[in-house]
Amino acid sequence: MKAPRLFEWEDQTWLPGPVRDAGTDLMRVMWELGPYRTIVARLKEALVAAGSRTIVDLCSGGGGPVVAVERALRQAGLDVEITLTDRYPNVRAFQYARQSSGGRIRFIDQPVDAAAVPERLSGLRTMFAALHHFSPEAVMRILQDAVASRQPLAFFDMTRGTPPPPSMAILGNPLGVLLAAPFVRPFRWSKLFWTWLVPIVPLVMTWDVFVSGLRLYSVQDLQEMVASLPPNDYVWQVGSQKFPQSITYIIGYWQPNTVEEE
């Protein structure tokens, strides 16, 4: 695991909330236009195998691809309840996701630690494009918390060393951020202020997208972390899926005595 552990602005506790929220709003657009809808079939398989119809999304940021994923799952014949959570909840973005989904997506407006998820939040724990934010030790804590709580998980991220999706190339540079900001919903005057008048958001986005590419884990990294977990009775799947960009995944679940079949 030799990926550089440079910092990302989004992770800093002192980053002003309006700047962070503007960044996560833009990230949501990036991932909505990206390749994550292609993993819907694998996510559906995990939900069915785990006997779950509830998703607890961790590190949701501005909502990521969850609205698109929920819609695709429904079109694939699987209705699920989804709850968005984050250490720094972007409440207006979460409200926008709830509205866009017709109320099928809910959210927690208080901070939620991915390595200490409250017991009341049960269901398949998902994470989209966020695992690289954590050190290997922190990833281990996140996995151990899910296993200790007997909750299934499905984490997806981009793959190191592969071309970024076009949306990342556009929103990962200052000009792309400047052009996109007025059209990203929910609309915020503060977003325009920190993007156009005081152009901090373009700099933050450019740096964070660049560093994200360096911090991504390989399939081997993920396999080593899963292998290092204390003995458990989970079924684990670790690998990558290439269409159109490569996506790494960790899927883990224990199978109830009776698994609901489709």
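All residue numbers refer to positions in the sequence shown, counting from 1. If you're wondering where the values come from, they're calculated on a predicted model, not measured in any experiment.
Ile55 is not listed as a side-chain neighbour of Thr83, based on a closest heavy-atom distance of 4.5 Å or more.
One side chain, Glu224 or Gln220, offers a donor N or O that lies under 3.5 Å from an acceptor on the other.
Applying the ring pair (Phe, Tyr, Trp, His ring centres under 6.0 Å) test to every pair with at least one member in residues 78-101, sequence neighbours left out, gives these pairs: Phe94-Phe107.
Around atom CZ of Arg87, no more than 12 heavy atoms belonging to other residues, nucleotides or ligands sit under 6.0 Å away.
The pair Asp25-Arg185 does not meet the salt-bridge criterion, since no charged nitrogen lies less than 4.0 angstrom from a carboxylate oxygen. Salt-bridge check for Asp57 with Arg125: failed, with every basic side-chain N at 4.0 Å or more from each acidic carboxylate O. Using a 4.0 Å cut-off between a side-chain N of Lys or Arg and a carboxylate O of Asp or Glu, Arg141 and Glu137 do not qualify as a salt bridge. The residues Glu10 and Arg20 are annotated as not salt-bridged, no charged nitrogen and carboxylate oxygen being separated by less than 4.0 angstrom. Ionic pairing of Asp233 and Arg150 is present here: one or more N-O contacts between side-chain nitrogen and carboxylate oxygen are shorter than 4.0 angstrom.
One hydrophobic cluster holds both Val139 and Leu229 under the rule that ILVMFWY side chains link at heavy-atom gaps under 4.5 Å. Tracing side-chain contacts under 4.5 Å through hydrophobic residues (I, L, V, M, F, W, Y), one never reaches Leu203 starting from Leu197; they form parts of separate clusters. The hydrophobic clustering, which links ILVMFWY residues whose side-chain heavy atoms are closer than 4.5 Å, places Phe183 and Leu179 apart.
The CD1 atom of Ile39 sits 11.5 Å away from the OG1 atom of Thr248 when rounded to the nearest 0.5 Å.
Not a single donor-acceptor pair under 3.5 Å links the side chain of Arg71 to the backbone N or O of Ala68. Counting only distance, with no hydrogens or angles, the side chain of Asp157 and the backbone of Phe155 share no donor-acceptor pair below 3.5 Å. No donor-acceptor distance shorter than 3.5 angstrom exists from the side chain of Gln151 to the backbone of Val147, with no hydrogens or angles considered. The main-chain N or O of Val184 is found under 3.5 Å from a side-chain atom of Lys191 such that the two form a donor-acceptor pair. A donor-acceptor pair is defined here as one N or O able to donate and one able to accept, closer than 3.5 Å; no such pair exists between the side chain of Lys44 and the backbone of Leu73. With hydrogens and angles disregarded, no donor-acceptor distance shorter than 3.5 Å links the side chain of Ser60 to the backbone of Gly63.
In terms of heavy atoms, Thr206 sits closest to Pro202 at OG1-O, 2.8 Å. Minimum interatomic distance between Val112 and Pro118 (heavy atoms only, all atoms of both residues): CG1-CD, 3.9 Å.
Taking Ile, Leu, Val, Met, Phe, Trp and Tyr as members and joining any whose side-chain heavy atoms lie under 4.5 Å apart, directly or through other members, the hydrophobic cluster of Leu192 also contains Leu178, Phe187, Trp189, Trp196.
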